[in-house]
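For reference, the structure discussed in these notes is given below.
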Amino acid sequence: MKTPLQVYNSLTREKETFTPLVEGRIGMYVCGPTVYNDVHLGNCRTFMSFDIIYRYLLYLGYKVRYVRNITDVGHLLDDGEDRILKGARLDQLEPMEVVQKYTNGFHDIMRVFNALPPSIEPRATGHIIDQIEMVQAILDSGYAYLANGSVYFDTLKFAKEKDVYGKLSGRVVEDLLAESRENLKNQDEKRHPADFALWMKASPEHIMRWNSPWSVGFPGWHLECSAMSTKYLGKTFDIHGGGNDLKFPHHENEVAQNFTACGCAPANYWLHTNMLLMNGRKMSKSDGNTISPEELFTGNSPHVSKGYSPMVIRFFVLQSHYRSTLDLSDEAMQAAEKGYRRLMEANKNLQKMTPAAGAKAGELDQEIVDLMDQAFDEMNDDFNTPRALARLFELASRINSLKDGHLPMQEVSAETLERLQKVFHNFIFDIFGLLDENTAESNGEASSLDTVMQLVIDIRQQARANKDWATSDMIRDALAAAKIQLKDGKDGTDWTKG
RNA sequence: GGUCGCGUGGCCGAGUGGCUAGGCAGAGGUCUGCAAAACCUCGUACAGCGGUUCGAAUCCGCUCGCGACCUCCA
């Protein structure tokens with residue numbers, strides 16, 4: 001029934017059967033955000049995708065150490081200014097205030113999206129010593145050089161001597177080395193344009209600075225991930241993830257750093273998520289084609305007609321595969337909203353079901369069992385959430401039919417019903433990480449609201465029994481205005497909020 | 001300019017050689033006091049042209065269109 005877990009490895013460009021280094025345990029490193037301004041939706045998609053991967057691995061029973069860093073130093077802008085420093089200057093804050101502010105914001109949003117926190121969330125500034133040690137190791141290996149107090153990686157030498165550079169990102173080394181484009185600002189110290197900084201000597205106005213054997217300065221951008229993944233997961237670990245746009249140069253350079261410092265490849269499986277698009281173009285902080293999570297929640301944006309809840313957005317993400325681009329539009333969000341509600345409704349109906357007396361497994365029973373198995377097979381096939389979701393929707397249609405009496409409950413064994421209830425719940429809440437927003441938000445008041453609603457429904461039922469349509473419709477319309485929908489069914493009336 | 005990828009019905013989005021993806025929207029029907037919800041049925045989609053094949057959305061070639069990366073980005 002169950003296929004083994006297959007993952008698409010960016011390094012080999014193939015789906016491979018996943019085998020962890022240590023049985024039952026998985027080390028996973030995902031490149032986190034650079035915290036110099038508000039997190040945007042594109043980041044959220046990536047981290048939601050990895051959250052689902054993380055959750056599924058946990059569901060499969062693995063003990064997963066999930067490390068996702070916070071980059072809070074060393075990430076330079078085009079003009080050579082540190083991202084954090086720029087943020088500090090603009091907001092008139094201490095660099096660490098900037099970092100804290102946007103880290104908090106990032107955490108808040110990820111919590112709203114119901115993403116599980118990583119096991120370890122290391123910060124670059126908290127690992128300066130580890131980074132200095134790694135720079136030294138790379139220098140010792142002979143693949144770095146010193147220039148005016150800065151240390152650069154000798155990409156040319158590495159590419160020539162080791163058959164590694166360019167493999168991950170599919171770069172042709174000769175092309176890289178040719179480097180026809182003129183974009184060499186601030187690069188006069190480098191021997192070759194493809195070289196990159198491991199340690200930068202700080203200019204006098206640069207306030208984020210640390211002592212090192214080479215100069216008072218700061219670490220290069222790619223270094224923190226190499227240093228921190230090695231520290232917490234070892235020289236080689238199972239999964240390294242991140243957005244597609246990090247493949248080059250970030251991940252390629254990470255590999256180069258690890259190779260020279262540790263003598264081995266850092267990760268066995270590289271997983272890359274694809275971009276979130278809007279209007280058919282990459283969502284990007286830099287060119288303004290963007291909508292913030294808050295704007296999408298509130299609908300306060302020219303790109304949407306109304307607000308969409310975090311779980312609708314999460315559902316929207318689930319509907320595409322993590323390696324495909326996903327194009328955000330108002331229409332697509334509306335469809336996702338409907339679909340999300342349908343799925344939640346089906347689950348609610350399912351969880352209320354009880355097996356029929358003397359039920360025996362029939363054809364329908366087998367169909368249900370097959371669909372459940374297929375859903376897991378889809379997840380095992382490189383975390384194919386859209387296909388798994390499709391199977392869940394097929395189950396939803398069976399569930400609703402059973403509820404309405406269009407399909408015979410007698411054909412579903414108690415055992416299968418119980419398993420379906422468990423699997424459906426597991427999928428929606430544990431693996432997909434969705435929340436039922438209708439019940440989640442009420443929580444404590446849920447019971448009192450339930451009581452009131454039951455009263456209102458009873459009164460309306462009485463009116464209907466008396467053919468007092470005016471009263472019954474008034475109740476229905478008034479509730480509708482309050483965003484409560486009544487659903488008349490065979491066994492009485494249900495209601496939903498929103 | 002170089003590298004890689006994509007182009008699926010009204011919209012989103014799976015699918016890699018023959019078998020129903022799925023969601024949303026639309027049409028018809030069942031149910032209902034009416035409606036909503038739910039259920040059933042339906043549309044014969046694969047950018048264009050050519051090739052390989054008994055058979056292609058799926059493989060190959062060309063053309064057109066779009067995107068990503070090559071420079072900071074999840």
Side-chain angles (χ1 to χ4, degrees), chain A residues 13 30-34 36 39-50 75-79 83 166 169-172 174-176 178-181 183-185 193 221 241-250 272-277 280-287 315-316 318-321 323-343 345-346 349 374 378 384-394 396-407 464 467-469 472-473 476-477 480 485-490 493-496:
Chain A
R13 290 148 192 265
V30 174
C31 288
T34 302
Y36 68 104
V39 67
H40 78 110
L41 255 189
N43 295 62
C44 296
R45 187 220 177 170
T46 289
F47 298 132
M48 273 191 255
S49 292
F50 280 109
H75 207 151
L76 303 184
L77 294 162
D78 281 348
D79 57 10
R83 285 176 178 255
S169 57
R171 283 310 111 150
V172 179
E174 287 73 36
D175 292 352
L176 273 175
E179 197 72 25
S180 57
R181 293 180 104 225
N183 195 0
L184 308 177
K185 296 166 203 147
W221 170 36
N244 223 348
D245 49 355
L246 291 182
K247 248 192 219 171
F248 190 88
H250 184 61
H272 287 100
T273 58
N274 217 320
M275 298 294 100
L276 179 64
L277 309 181
R281 280 179 19 248
K282 185 174 115 169
M283 259 202 187
S284 167
K285 289 180 193 177
S286 48
D287 70 3
F315 179 90
F316 176 66
L318 282 162
Q319 275 187 305
S320 75
H321 189 263
R323 280 191 289 116
S324 298
T325 54
L326 174 59
D327 200 348
L328 181 82
S329 68
D330 193 50
E331 234 181 334
M333 290 309 300
Q334 288 191 20
E337 185 169 60
K338 293 265 182 70
Y340 164 72
R341 289 194 180 151
R342 180 169 153 83
L343 189 67
E345 265 317 289
N349 292 336
Q374 283 164 21
E378 304 295 7
N384 199 324
T385 57
R387 286 182 71 90
L389 247 190
R391 300 292 86 73
L392 254 46
F393 272 107
E394 288 180 58
S397 137
R398 305 294 189 291
I399 290 165
N400 288 331
S401 290
L402 283 167
K403 177 187 174 248
D404 286 0
H406 296 304
L407 284 174
R464 294 177 74 201
K467 297 197 193 288
D468 179 3
W469 310 130
S472 85
D473 289 354
R476 184 173 71 195
D477 296 345
Q485 187 191 26
L486 291 179
K487 297 179 177 182
D488 295 327
K490 283 247 183 312
T493 300
D494 273 341
W495 60 279
T496 51

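By convention in this document, chain letters (A, B, ...) are assigned in the order of the sequence lines, proteins followed by strands, and residues within each chain are numbered from 1.
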With a 3.5 Å limit on both atom pairs, tell me what rU71(B) is paired to, counting Watson-Crick and G-U wobble, or say none. none

Given rA74(B), rC4(B), rC69(B), identify the nucleotide with an atom nearest to the side chain of Phe47(A). rA74(B)

rA68(B) P sits how many Å from Asp245(A) CG, rounded? 11 Å

Could you let me know what rA47(B) is paired to, Watson-Crick or G-U wobble, both distances under 3.5 Å, or none if it's on its own? rU63(B)

Not counting sequence neighbours, list each pair that qualifies as a salt bridge (charged side-chain N to carboxylate O under 4.0 Å, His left out) and has a residue in residues 323-335 of chain A. Arg323(A)-Asp382(A)

Gln319(A) and Leu389(A), any side-chain heavy atoms less than 4.5 Å apart: yes

Looking at every strand, decide which applies to His321(A) at a 4.0 Å heavy-atom threshold: base, sugar-phosphate, or nothing. sugar-phosphate

Counting N and O atoms only, with roles assigned by atom type, does the side chain of Arg387(A) sit under 3.5 Å from a partner on the main chain of Gln374(A), one being a donor and the other an acceptor? no

Between rG67(B) and rA25(B), how far apart are the two P atoms, rounded to whole Å? 30 Å

Measure CG/Leu277(A) against C1'/rG13(B) and give the value in whole Å, please. 13 Å

Could you check Thr493(A) against Arg476(A) for side chain to side chain donor-acceptor pair (under 3.5 Å), going step by step and ending with a plain yes or no? CA-CA 11 Å; Thr493(A) 300; Arg476(A) 184 173 71 195; over 6 Å; no

Any-strand Watson-Crick or G-U partner of rA38(B), both distances under 3.5 Å: rU30(B)

Taking a pair as Watson-Crick or G-U wobble with both distances under 3.5 Å, which nucleotide is matched to rA25(B)? none

Pairwise P distance for rG7(B) and rG48(B), with rounding to whole Å: 13 Å

Might you work through the side chain to side chain contact (heavy atoms under 4.5 Å, CB included) test for Asp245(A) and His250(A), ending with a clear yes or no? CA-CA 9 Å; Asp245(A) 49 355; His250(A) 184 61; over 6 Å; no

Partner of rU58(B) by Watson-Crick or G-U wobble geometry, both contacts under 3.5 Å, or none? none

Nearest listed nucleotide, side chain of Ala335(A), among rA74(B), rC70(B), rG23(B): rG23(B)

Starting from the C-alpha separation in whole Å, work towards a yes-or-no answer on side chain to side chain contact (heavy atoms under 4.5 Å, CB included) for Leu276(A) and Met48(A). CA-CA 12 Å; Leu276(A) 179 64; Met48(A) 273 191 255; over 6 Å; no

Applying salt bridge (charged side-chain N to carboxylate O under 4.0 Å, His left out) to Lys338(A) and not counting sequence neighbours gives none

Are OP1 or OP2 of rA74(B) and a side-chain N or O of Ser49(A) less than 4.0 angstrom apart? no

Find the distance Leu343(A):CG to rC12(B):P and express it as a whole number of Å. 22 Å

Expressed in angstrom and rounded to an integer, what is the separation of Leu276(A) atom CG from rG13(B) atom P? 10 Å

Which nucleotide, rA74(B), rG15(B), rC70(B), lies nearest any side-chain atom of Asn384(A)? rG15(B)

What is the distance, to the nearest angstrom, from the CD atom on Glu378(A) to the C1' atom on rG13(B)? 14 Å

Phe248(A) has its side chain closest, among rC12(B), rA25(B), rC70(B), to rC70(B)

List in chain and number order the residues that pass side-chain hydrogen bond (donor to acceptor under 3.5 Å, both in side chains) with Glu394(A), two or more places apart in sequence or in another chain; answer none if no residue qualifies. Arg391(A)

When the C1' atoms of rA56(B) and rG61(B) are considered, how many whole Å apart are they? 15 Å

For nucleotides 31-40 of chain B, give me one character per nucleotide, 5' to 3': B if any protein heavy atom sits under 4.0 Å from the base, S if the only such contacts are to the sugar-phosphate, - if neither. S-BBBBBBSS

Protein-nucleic acid N or O pairs under 3.5 Å, nucleotides 18-21 of chain B:
residue: rA21(B); atom: O2'; partner: Arg391(A); partner atom: NH2; Å: 2.6

Pick out the pairs of N or O atoms, protein on one side and nucleotides 6-10 of chain B on the other, that lie under 3.5 Å.
none

Can you tell me how far C1' of rG23(B) sits from CZ of Arg341(A), to the nearest Å? 15 Å

Verdict with reasoning, Asn400(A) to Glu345(A), per side chain to side chain contact (heavy atoms under 4.5 Å, CB included): CA-CA 9 Å; Asn400(A) 288 331; Glu345(A) 265 317 289; 5.8 Å; no

Length of the CG-C1' vector between Asn43(A) and rA74(B), whole Å: 5 Å

Integer-rounded Å distance: rA68(B) C1' and Leu326(A) CG: 15 Å

